[in-house]
Number of protein chains: 2
Amino acid sequence: MKEKELRRSLAVLPIGTVMKLTDLSARQIRYYEEQDLITPDRNEGNRRMFSLNDVDRLLEIKDYLADGINMAGIKEIYALQKQRAQQKQADLDKPLTDKDVRRILHDEFLNLGRFQSDKGPNYPTH
Amino acid sequence: MKEKELRRSLAVLPIGTVMKLTDLSARQIRYYEEQDLITPDRNEGNRRMFSLNDVDRLLEIKDYLADGINMAGIKEIYALQKQRAQQKQADLDKPLTDKDVRRILHDEFLNLGRFQSDKGPNYPTH
DNA sequence: TAATTCGTGTGACGTTTTCTGACATGTGTG
DNA sequence: CACACATGTCAGAAAACGTCACACGAATTA
């Protein structure tokens, strides 16, 4: 699936195409870039070039706005998402700590009897 | 999979992008269009707009040319492909004729003993 | 109420991209 | 040699896009 990811992040679309695809005005798209919600590439002639991922994000932004969320809110949403993704990557990179191992074992013990009787131990989950 | 087909045939790429994606010159791309090897859309301003399918085909054309096949040959290849595709569609559309049914039954008979002994009847397949 | 902020529209003006059409060129082929 | 093929190149015009500035209505704040 690495190739598909690459394709989706290839910056190949000019703003005119993106306008049609998203039904947003050039002004809107440029403003969202100004607000760092998207960061399209530039070609040699300084034209913005967008990827399919950019288009997806623009459609998301449109939805958030329609839901009454403002720029600041949307920025926060993406900041949280980014944070979460980075944490996830860090988790994959680093081996488990002793503390993690204990927690996992603990959780497994908690779940041991869970589906054996209707009224199990019912420990609190944390 | 209908959606994917649609995406691949959406004309969203300007010629500049296609040039980079295919490493062909604008002159070459326009010439191949002139030869009816591709038929990109036009936007309201008369600019050519290409789909991913167009890009694929251009890469194919490039390969054929590299193999020493000339325009006429490539045209013929695509004409045959089109013909085959149309026939396939026609087959799907029309019910089987009596002749088809007889042929199919015949083939099935031929295949009946095929995998039962190492040295089967070994009839010619046609 | 007056001032400010937010998200967007609009216009001016300059640069880049693309269009068509014409002519040039190198490489084969009859 | 003359010709066809595939491509390069140039010119002039039109379309698309860039930035910058100003405007505006709705919401917020002083």
Side-chain angles (χ1 to χ4, degrees), chain A residues 10-79, chain B residues 10-79:
Chain A
L10 249 190
V12 292
L13 308 172
I15 201 171
T17 293
V18 176
M19 289 172 63
K20 281 176 206 150
L21 254 33
T22 60
D23 202 39
L24 290 168
S25 69
R27 184 71 169 89
Q28 287 174 301
I29 296 172
R30 297 195 191 111
Y31 182 64
Y32 303 156
E33 177 187 12
E34 196 181 313
Q35 300 295 314
D36 289 316
L37 294 184
I38 49 170
T39 51
D41 279 6
R42 298 290 182 124
N43 71 2
E44 319 73 47
N46 197 37
R47 259 104 175 104
R48 270 167 265 254
M49 298 302 282
F50 299 78
S51 69
L52 287 179
N53 279 334
D54 289 330
V55 172
D56 283 347
R57 171 161 287 212
L58 285 170
L59 290 173
E60 267 184 31
I61 293 172
K62 224 183 133 183
D63 283 347
Y64 286 137
L65 287 173
D67 286 351
I69 304 176
N70 63 9
M71 291 292 124
I74 300 177
K75 267 186 237 186
E76 191 59 26
I77 289 172
Y78 287 133
Chain B
L10 249 189
V12 292
L13 308 172
I15 200 171
T17 294
V18 176
M19 289 171 62
K20 281 176 206 149
L21 254 32
T22 60
D23 201 38
L24 291 168
S25 70
R27 184 68 170 92
Q28 286 174 301
I29 296 172
R30 296 196 192 108
Y31 182 65
Y32 302 156
E33 177 187 12
E34 197 181 311
Q35 300 294 316
D36 287 317
L37 295 184
I38 49 169
T39 51
D41 278 7
R42 297 291 183 124
N43 69 2
E44 319 74 44
N46 195 38
R47 262 94 177 111
R48 271 167 266 255
M49 298 301 284
F50 300 78
S51 69
L52 287 180
N53 279 333
D54 289 329
V55 172
D56 284 347
R57 171 162 287 212
L58 285 171
L59 291 173
E60 268 183 32
I61 293 172
K62 224 183 134 184
D63 283 348
Y64 286 137
L65 287 173
D67 286 350
I69 303 177
N70 63 7
M71 291 292 124
I74 300 176
K75 268 187 236 188
E76 192 58 26
I77 288 171
Y78 287 133

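Excluded from the calculations below are hydrogen atoms, water molecules and symmetry mates; all remaining heavy atoms, backbone and side chain alike, are included.
The nearest whole Å value for the distance from the CZ atom in Arg47(A) to the P atom in dG14(C) is 15 Å. At whole-Å resolution of the value, CG in Leu13(A) and P in dC17(D) are 11 Å apart. Atom CG in Asp23(A) sits roughly 11 Å away from atom P in dG9(C) (whole-Å rounding). Between the C1' atom of dA14(D) and the CG atom of Asn46(B) lies a distance of 10 Å, rounded to the nearest Å.
End-to-end axis angle of the helix from dT1(C)-dA30(D) to dG30(C)-dC1(D), using five pairs per end and rounding to 10°, comes to 10°.
Shown for residues 68-78 of chain B: residues whose heavy atoms fall under 4.0 angstrom of DNA chain D, namely Asn70(B), Met71(B). In the region residues 55-64 of chain A, proximity to DNA chain D at under 4.0 angstrom, judged on heavy atoms, holds for none of the residues.
Using a 4.5 Å heavy-atom threshold, the side chains of Glu60(A) and Asp56(A) count as separate.
Contacts of Arg30(B) with the nucleic acid, taken as non-hydrogen atoms under 4.0 Å apart, include base atoms.
With dT7(D), dT17(C), dC22(D) as the candidates, the nucleotide lying closest to the side chain of Glu44(A) is dT17(C). Nearest nucleotide to the Asn43(B) side chain, out of dT18(C), dT8(C), dA16(D): dA16(D). Taking the side chain of Arg42(B) as heavy atoms from C-beta on, and the options dG8(D), dC19(C), dA21(D), the nearest nucleotide is dC19(C).
Between dA6(D) and Tyr31(B), a contact under 4.0 Å exists linking OP1 or OP2 to a side-chain N or O.
Leu13(A) and Val18(A) make their closest contact through CB-CG2, 4.0 Å (heavy atoms, listed as atom of the first residue, atom of the second, distance).
For the pair Gln28(A) and Glu33(B), both in contact range of DNA chain C, the more 5′-proximal nearest nucleotide belongs to Gln28(A).
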